[in-house]
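In what follows, a structure is listed as structure tokens, so that the remarks can point back to it.
Count residues from 1 along the sequence. Worth saying up front: this structure is predicted, and the values here are computed from it rather than measured. Scope of the values below: all heavy atoms of this structure, side chains included, with no hydrogens, waters or symmetry mates. Every number for a ligand or one of its atoms is a count from 1 in the order of the listing.
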Amino acid sequence: MQKGQLVIKPLTKAVLPVAGFGTRFLPATKSMPKEMLPVVDRPLIQYAIDEARAAGIKEFCLITARGKDSLIDYFDVAYELVDNLRQKGKQDSLDALEPSSIEAGSLVALRQQEPMGLGHAVWCARSFVGDDPFAVLLPDDLISANPGCLAQMVEVYNKFGGNVVAVSEVPIEKTSSYGIVKVSNDDGKLIEISGLIEKPKPEEAPSNLSVIGRYILSPEIMNYLAAMERGAGNEVQLTDSMAKLIGQMPFHGLRYNGIRYDCGSKAGFLEAQIAFALKRPDLKSSMRNILKKYACEEEI
Ligand code: G1P
């Protein structure tokens with residue numbers, strides 16, 4: 001695709017940073033990756049991969065760490081299990097496994113050897129990215145949307161190229177938990193971004209529009225990440241290098257249609273369980289009864 005001088009390469013690669021310790025979910029995450037925690041019956045990583053696939057992504061790169069190999073096993077063929085299920089004629093269970101299968105050679109895993117921040121995690125994928133645009137999906141941010149959030153962002157990317165991030169409003173007192181955008185133009189859906197600050201105090205925040213865990217980035221970002229400058233929390237922040245791309249190429253924020261569940265927090269994770277169970281035909285009615293029961297008991 002070509003627009004003026006700007007060549008817009010198709011987006012086919014995604015990086016999924018999954019190296020974090022998941023300390024907010026200890027002790028559960030002592031011996032299992034937080035991205036393997038299930039919402040209903042699928043691990044968080046599966047939702048992120050599904051959303052990426054639906055947006056046209058063909059190649060995946062997991063940035064993992066020690067103790068997180070079960071994420072890689074999850075996408076492998078579980079030969080003994082499949083064989084056993086086949087012998088027993090358990091077609092339903094075989095069908096349930098289907099989403100976790102991935103085309104041979106389309107998933108790579110790299111290790112972030114030290115927890116130096118999200119920017120460093122993304123930089124670890126530089127060889128995988130090469131000269132191509134790439135998406136970053138943070139599986140903690142579970143987004144219920146149709147079409148998926150990344151697919152909505154791809155529409156914007158295919159039109160303008162450059163960089164696209166998903167944004168959503170947060171209460172002003174929460175700006176210090178997010179990357180916050182400075183807005184130069186806002187048509188209610190699409191935002192032209194003129195600045196980005198990682199985790200500003202409310203009084204220093206340029207808006208209450210936060211970046212959430214979906215990004216389409218230009219490969220040039222790797223040059224800035226390579227400097228390994230430390231930012232908020234003394235970590236190498238992705239936001240700081242994104243900010244350096246502003247002015248050099250298009251940089252848009254998209255108020256996507258959908259609901260984001262912050263599965264990095266306990267309350268958000270529990271809300272996601274309820275919301276996703278209510279969407280399932282096999283669970284909807286029992287879930288409603290359970291909710292009614294507790295709503296009465298607690299006099300909510
Ligand atoms: C990361 C990013 C931040 C973004 C957030 C979205 O922060 O650094 O800019 O707003 O994800 O979930 P973290 O949640 O890792 O602290």
Side-chain angles (χ1 to χ4, degrees), residues 14-25 29 33-35 37 44-45 47-48 51 63-65 68 112 114-125 135-145 149-150 153 163-183 191 193 195-202 204-217 221 224-225 228-246 251-256 258-269 271-272:
V15 175
L16 295 101
V18 290
F21 287 131
T23 47
R24 277 187 275 181
F25 284 90
T29 46
K34 69 172 168 178
E35 298 80 10
L37 293 172
L44 284 171
I45 189 74
Y47 291 96
E51 184 185 327
I63 305 296
T64 70
K68 303 201 90 170
Q112 183 187 24
E114 287 175 76
M116 286 168 62
L118 180 60
H120 178 257
V122 169
W123 176 79
C124 289
V136 176
L137 296 98
L138 308 184
D140 272 5
D141 280 330
L142 176 55
I143 302 173
S144 172
C149 180
L150 190 63
M153 292 164 67
N163 303 274
V164 185
V165 292
V167 298
S168 100
E169 258 136 45
V170 290
I172 193 77
E173 65 275 12
K174 293 266 171 72
T175 56
S176 57
S177 302
Y178 296 96
I180 301 292
V181 309
K182 188 172 175 199
V183 176
I191 287 146
I193 293 179
L196 280 161
I197 306 181
E198 181 67 12
K199 300 191 170 67
K201 292 184 192 133
E204 284 157 17
S207 74
N208 70 334
L209 269 183
S210 72
V211 174
I212 62 130
R214 299 291 182 277
Y215 311 78
I216 296 175
L217 298 173
I221 196 164
Y224 296 103
L225 289 171
M228 292 298 144
E229 275 172 35
R230 303 272 180 158
N234 197 32
E235 293 189 343
V236 179
Q237 295 291 352
L238 183 62
T239 305
D240 295 343
S241 287
M242 292 195 309
K244 293 186 174 138
L245 297 173
I246 297 169
F251 209 125
H252 290 93
L254 176 69
R255 279 197 180 88
Y256 58 95
I259 303 172
R260 169 217 182 213
Y261 300 93
D262 175 10
C263 290
S265 80
K266 284 171 202 165
F269 180 66
E271 186 185 352

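- Listed as neighbours of ligand 1 are Leu118, Leu138, Asp141, Tyr178, Gly179, Glu198, Lys199, Val211, Ile212, Gly213, Tyr215, Gln237, Thr239, Arg260, each bearing a heavy atom under 4.0 Å from the ligand.
- Between the Lys182 side chain and the Ile197 main chain, no donor and acceptor come within less than 3.5 Å of each other.
- Within the 3.5 Å criterion, the main-chain N or O of Pro171 finds no donor-acceptor partner in the side chain of Asn208.
- With Ser210 contributing its side chain and Tyr178 its backbone, the two residues share no donor-acceptor pair below 3.5 Å.
- Between the side chain of Arg214 and the main chain of Asp141, a donor-acceptor pair closer than 3.5 Å is present.
- A donor-acceptor contact shorter than 3.5 Å is absent between the side chain of Glu198 and the backbone of Asp240.
- With sequence neighbours excluded, the residues satisfying side-chain hydrogen bond (donor to acceptor under 3.5 Å, both in side chains) with His120 are Gln112.
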